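Numbers here simply count residues along the sequence, with the first being 1. Here the structure is a predicted model, which means the values were calculated and not measured.
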Amino acid sequence: NHPTMCRIMEASTRALFGDEGYVVPDPVAISEDFALYGAVAPSCLALFGVGEPGQPPQALHHPAFYPQSRVLPHAAAFLADSAIRFLNEE
């Protein structure tokens, strides 16, 4: 994770979802090619919570993983806000 990108994405999260929306999870072993992206551009892996209250969490590739569509506008706003903040720093 690039420190500047992490700071930008934290600011976006707090601006859009409040301080309670920013959570630093315990370390997890995620098998992604994410490190390869970071080799060519500043990057930061963000996990966007899509769980249903009262339901057990499901892993990304589990057959029961089914985020509700109402989450999509919030995720899009987070990515757009992060991108705008990044571009404004350039």
Set of residues satisfying side-chain contact (heavy atoms from CB on, under 4.5 Å) with respect to L47, sequence neighbours excluded: P25, I30
Residues that, via side-chain heavy atoms closer than 4.5 angstrom, fall in one hydrophobic cluster with L60: M9, L16, F17, F48, V50, F65, V71, F78, L79
Nearest-0.5 Å distance, CE of residue M5 to CZ of residue R85: 11.5 Å
Contacts of A64 that satisfy side-chain contact (heavy atoms from CB on, under 4.5 Å) - sequence neighbours left out: Q58, H62
T4 vs P42 side-chain heavy atoms within contact, under 4.5 Å: no
Nearest heavy-atom neighbours spanning C6 and C44: SG-SG, 3.0 Å
Partner set under side-chain contact (heavy atoms from CB on, under 4.5 Å) for A83, not counting sequence neighbours: none
Qualifying salt bridge (Lys or Arg N to Asp or Glu O under 4.0 Å) pairs with a residue from residues 12-28, counting only residues at least two apart or across chains: E10-R14, R14-D19
Atom of I8, atom of S82 and distance for their closest heavy-atom approach: CG2-O, 3.5 Å
Shortest non-hydrogen contact from G21 toward T13: O-CG2, 3.4 Å
Sequence neighbours excluded - salt bridge (Lys or Arg N to Asp or Glu O under 4.0 Å) pairs with any residue from residues 48-66: E52-R70
